[in-house]
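This structure is in structure tokens; I'll ask about it shortly.
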Amino acid sequence: MPHSFNKTPNHVAIIMDGNGRWATGKGLPREIGHKKGAESIREVMSACQDAGIKYLTIYAFSSENWQRSDHEVKKLMDLLRYYLTHELASLKKNGVSLHIIGDVAVLPDDIQHLIAKAELETSHNSKSVLNIALSYGSRHEIINACKSIAFQVSTGLMDPNTVNEVLFSRYLYTANIPDPDLLIRTGGEVRLSNFLLWQCAYTELYFTDTLWPDFNKDHFLKALADYAARERKFGK
């Protein structure tokens, strides 16, 4: 039976799982795993551009990750500072527009400044878009959207009859970003972990046991091949 699909997804989302386990398995501090995982981001971003994939969204730090040890959170924030500072030139050179989705207001002030700077300086890039989910939780995102819409309705600024899926999506962190076609989760876990719950209603899911620091271009191409062999019906 012939398949009906877009062979190349327009938007790929990734839950980058396994950094800590990768490091622990090698007798290394967990932060080394996070640092090695950042290298995988570069490789996958390059593979996306080679494949003609416009949008890449990565789950870098969830709202639940704040509950990790103070030491690990500090190391993650240090890595984020390093990435936003030292990868900016590469993003600009390769035509990547950077967007941060999540509750940015709870991040340290200096990181908020680095985010604003990086987003501004890459805003005119049009080759591809890298969305990084930081301090992100999908349920919180959906609740905030509901509150914003409820306020608009209660003050008479919005007719409740105009609320539909398209309008609701405009109140999410991902407004103006198409829903993911493919979501990849590394590390052997098989769940969404509060990531893009609304946006992934019809997303194709791909799970692999490979830990994120070991995930490379070949693994990514295997996921794309799996996606290409599927028939997307969207409930029809």
N164 atom CG: more than 12 heavy-atom contacts under 6.0 Å: yes
Donor-acceptor contact below 3.5 Å, side chain T122 vs main chain L98: yes
SB check D214 K36 (cutoff 4.0 Å): no
Rounded distance (nearest 0.5 Å) linking atom CG of L114 with atom CG of D109: 11.0 Å
Test item: I101 and I132 side chains (from C-beta on) under 4.5 Å apart, heavy atoms: no
SG on C48 to NZ on K54, rounded to 0.5 Å: 12.5 Å
Note: K74-E31 ion pair, threshold 4.0 Å (strictly below): no
same_hphob_cluster(I177, L120) at 4.5 Å side-chain heavy-atom cutoff: no
Side-chain heavy-atom pair F220, V12 within 4.5 angstrom cut-off: yes
Side-chain heavy atoms of H34 within contact of M16, under 4.5 Å: no
Side chain to side chain, Y227 and Y206, heavy atoms closer than 4.5 Å: no
Rounded distance [0.5 Å steps], CG in L56 versus CD1 in I41: 8.5 Å
D159 atom CG: more than 12 heavy-atom contacts under 6.0 Å: yes
Closest contact, heavy atoms only, M45 versus S128: CE-OG, 3.4 Å
Hydrophobic cluster identity match, L196 and V129, side-chain contacts under 4.5 Å: no
Carboxylate-amine/guanidinium contact R185 E189, below 4.0 Å: no
Donor on one side chain, acceptor on other, R42 and Y83, under 3.5 Å: no
R139, CZ: over 12 other non-hydrogen atoms inside 6.0 angstrom: no
Heavy-atom closest contact (N125 atom, L91 atom, distance): ND2-O, 3.5 Å
Side-chain heavy-atom pair H99, L130 within 4.5 angstrom cut-off: no
Polar contact flag, side-chain donor to acceptor under 3.5 angstrom, N216-H219: yes
Pairing of K217 and E43 as salt bridge, 4.0 angstrom limit: no
Qualifying residue, where the test is side-chain contact (heavy atoms from CB on, under 4.5 Å) with W212 and the options are V44, I15, I58: V44
Over all atoms of both residues, closest heavy-atom pair of P108 and M77: CD-SD, 3.9 Å
Test: R230 and D226 ion pair at under 4.0 Å: yes
Interatomic spacing from OH in Y136 to OG in S193 - rounded to 0.5 Å: 12.0 Å
Main-chain N/O of N94 paired with Q49 side-chain donor or acceptor, under 3.5 Å: yes
Gap separating the OG1 atom of T186 from the CD1 atom of I14, nearest 0.5 angstrom: 8.0 Å
F168 and W198 aromatic ring geometry - parallel, tilted or perpendicular at 30°/60° bounds: tilted
Plane angle bin for W66 and F61 - parallel if under 30°, tilted between 30 and 60°, otherwise perpendicular: perpendicular
Flag for N194-E64: side-chain donor and acceptor within less than 3.5 Å: yes
Among D181, D179, T57, side chain to side chain donor-acceptor pair (under 3.5 Å) partner for H11: T57
Could you give the side-chain donor-acceptor pairs of residues 143-152 under 3.5 Å, partners two or more places apart or in another chain?
residue	atom	partner	partner atom	Å
N144	ND2	H140	NE2	3.1
S148	OG	N144	O	3.1

Whether E119 side chain and I100 backbone form a donor-acceptor pair below 3.5 Å: yes
Minimum heavy-atom distance S135-V106, with the two atoms named: OG-CG2, 3.2 Å
Closest approach of T203 to L183 (non-hydrogen atoms, all atoms of both residues): CG2-N, 3.4 Å
CZ-CG distance between R232 and L182, expressed to the nearest 0.5 angstrom: 8.5 Å
Min side-chain heavy-atom separation R30-R68 under 4.5 Å: yes
Beyond-backbone contact of F215 with I184, side-chain heavy atoms, under 4.5 angstrom: yes
Heavy-atom pair of closest approach, residues K35 and L79: N-CD2, 3.9 Å
Pairwise side-chain contact, S169 with T174, heavy-atom cut-off 4.5 Å (strictly under): no
